[in-house]
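Labels below follow one simple rule: chain letters A, B, ... track the order of the sequence lines, proteins then strands, and each chain is numbered from 1. What's counted below: heavy atoms across the whole structure, side chains too, no hydrogens, waters or symmetry copies.
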2 protein chains.
Amino acid sequence: MTQKPKVAERVADLRSEVGRFHAAGEKVAIVPTMGALHAGHLALVREARARAERVVVSIFVNPTQFAPNEDFSRYPRTWDADMRLLADEGVDVVYAPARAEMYPDGFCTRLDVQGPAEGLESDFRPHFFSGVAIVVAKLFLQSEADFAMFGEKDYQQLKVVTRMVRDLDLRIRVVPCATVREPDGLALSSRNRYLTDEDRAKAPAIHRALQAAAAAIHQGQEPDRAAETAADTLSANGFAVDYVAARHAETLAPLEGRAEPVRLLAAVWLGKTRLIDNIGL
Amino acid sequence: MTQKPKVAERVADLRSEVGRFHAAGEKVAIVPTMGALHAGHLALVREARARAERVVVSIFVNPTQFAPNEDFSRYPRTWDADMRLLADEGVDVVYAPARAEMYPDGFCTRLDVQGPAEGLESDFRPHFFSGVAIVVAKLFLQSEADFAMFGEKDYQQLKVVTRMVRDLDLRIRVVPCATVREPDGLALSSRNRYLTDEDRAKAPAIHRALQAAAAAIHQGQEPDRAAETAADTLSANGFAVDYVAARHAETLAPLEGRAEPVRLLAAVWLGKTRLIDNIGL
C-alpha cells in the first residue's frame, strides 16, 4: 500500500487537508514525532490507523525542548528514510513545518504544566516539558486532529500532555501506546543510534533492572526501596543514574500508600547518551 | 427584542449550543466578562451582534487573575441585573461556569504571554496576565466561537490576548472595540461603582491628563516627557499613580523612535479604587 504522503509545510495547508477529511466525515489521528523514525513510531502510526480513517505524522525537531547544552543540533535527521517508511505505512499527510512557521517572529507564549511535570525529567531537564507542552498544544490546535498517539516510552510526557489537554479543554483525545522493545528488552529510541557497540550491549540492563524492581515489589518490597536497588545495580554496571523512581502511575506524585498504582521510571546515561525507560506493575 | 438567554453552566452545554449554531451555518461571537455589566459591555455585545448571527456572553469572576490582597471577594456580582440587560440585548447564550467547571481538581496548567504582558500592569499585578491568559484561552477553546470582543479600555489585556491567539494558533478572531466613556470622559468600568461621590467627581482628570499628553506629543513633545507631566498632574490632584506611560501601540515596548505608533496608558488609585485608562494618538 505504498503511497506518497502529502507534505504540508504550512499550518494553512495542514488545515485544508484535515478540513477535507473532516468534511468527508473521516476522523484524523496525529502522530507527533521529531523524525528519526523507528519501529516504535511505526507502531504509533498503526495504532493511529486503527482509530482513524486518516493519519497525519508531524516531523519537527522542536528547539524549545532542548537546553543549549543538549543534542538539538546533532539530533538525527533522516528525512528520506522517514518518508519511505511513512509511505509504506500509507500515511496521508506529513506535516513538516519550518521553525518560523511554528515560532514566528515575536512569539512569546509559554505553557507550563505543573503536577505530572514536576520532578523526574524536570529535575534534570528543567526546560523540557515547557518546550513539549507548547509544541504539542500548537500541533493539536494547528492540526485539529481527533486523536493523538503517544508512546508510553515517554511516560511522563504522556501524562503531562494528557493533563494539558484536560486543563485547556482541547477536543483531541490522547491515546497511550505500549512501548516497543528490541528482542533483548531495550526500549526503542531515536537516541539508541548514538550508542557504541559496547554500550548497546549493556543497554538492556535498564529494562532488566526495572523488571527486577517490579518483581520485588510484587513480592512485597517497598517500591521506593526496590527503585533504589535498581539504581544501585545500574550504577554498579557502569550507568550514570539520573533517577530510578517508583511513582503514582497517574499523577506521578511520590507514593503515599500501598493501594496506589505504581509506575517505575528510570533515566540513565551510557557514555554521552541519555536513555529513559519505564514499566507498569 | 427581549428574549431570555439560555444559561449554560457546563462546557458540554455551551458546546452543544454553539455546535447547533455552527451546524446551521451561523457565526458565533463571544463577549468574555466578569459580570457587573455596564454600557461598555453592552457596546461589546452590540459589536458582537454586528459580526455574528449568535452572541455568547460569559460571566465568570476569574479567581486566578486576582492576587490574595485584591478585590476578588468584594468584586461586584449583579447576576439578576446582568441577565436583564443581556435579555434586552437579545443575547443567545450566557455561559456561567462554576469555579470547578473552569478549574477542576488537579488543574495545573499555566499560560504566560511575555512580550506585551511585560511591564505596565505586570509591574503592579504580576499574577494578572497569567490568570487572564489561561481563562481566556479556556473560554475560547470551550466555546469554539468565531469572534471574541475585547474593549480597548483594557488595552494591554487586548494586546496580550491577541498575541496569545496568534502564538497558540487559535482559530478565533479577536475584535478590539473602542472604550465607552461617561459624558465627562471617565472610562466605564465595573470598579467605578466603588468610587465615593468626591472621588467620582475627580476621576475624569485621568482622561483629561491623557488627552493633554496626547496634545503635547502632537505639538512635538517627547512622548515619555508628556507621560511624566501627566503623572505629575495626577499626583498633584490627589491620585496615587502606579504609572503613566507612552508605549509602542502594538508591542507595548518602550518607544525607541519617532515613527512608532504611540499609546498612552495610565493606572492610578483614587482612595482604595484602582482605575486604568488609555488613549491612542
>> Please determine whether the number of non-hydrogen atoms from other residues, nucleotides or ligands lying under 6.0 Å from atom CD of A/Glu9 exceeds 12.
In response: no

> Looking at B/Val11, B/Thr109, B/Leu111, which has the largest count of heavy-atom pairs under 4.5 Å with chain A?
Replying inline: B/Thr109

> Is B/Lys138 reaching over with its side chain to a backbone N or O of A/Asp167, donor-acceptor style, under 3.5 angstrom?
Replying inline: yes

>> Within a 6.0 Å radius of atom CZ on A/Arg77, are there more than 12 heavy atoms belonging to other residues, nucleotides or ligands?
In response: yes

>> Check this for me: A/Glu70, atom CD, are more than 12 non-hydrogen atoms of other residues, nucleotides or ligands nearer than 6.0 Å?
In response: yes

> More than 12 foreign heavy atoms under 6.0 Å from CG of B/Asp105: is that the case here?
Replying inline: no

>> Quick check for you: among B/Met164, B/Glu144, B/Arg166, which has the greatest number of heavy-atom pairs under 4.5 Å with chain A?
In response: B/Glu144

> Atom CZ of B/Arg171 and atom CG of A/Leu141: how far apart are they, to the nearest 0.5 Å?
Replying inline: 10.5 Å

> Between B/Gly106, B/Pro104, B/Gly115, which residue shows the highest count of heavy-atom pairs closer than 4.5 Å to chain A?
Replying inline: B/Gly106

>> Looking only at heavy atoms and a cut-off of under 4.5 Å, which of B/Met102, B/Arg15, B/Gln142 has the most pairs with chain A?
In response: B/Arg15

> Near A/Arg10 CZ, under 6.0 Å, is it more than 12 heavy atoms from other residues, nucleotides or ligands?
Replying inline: no

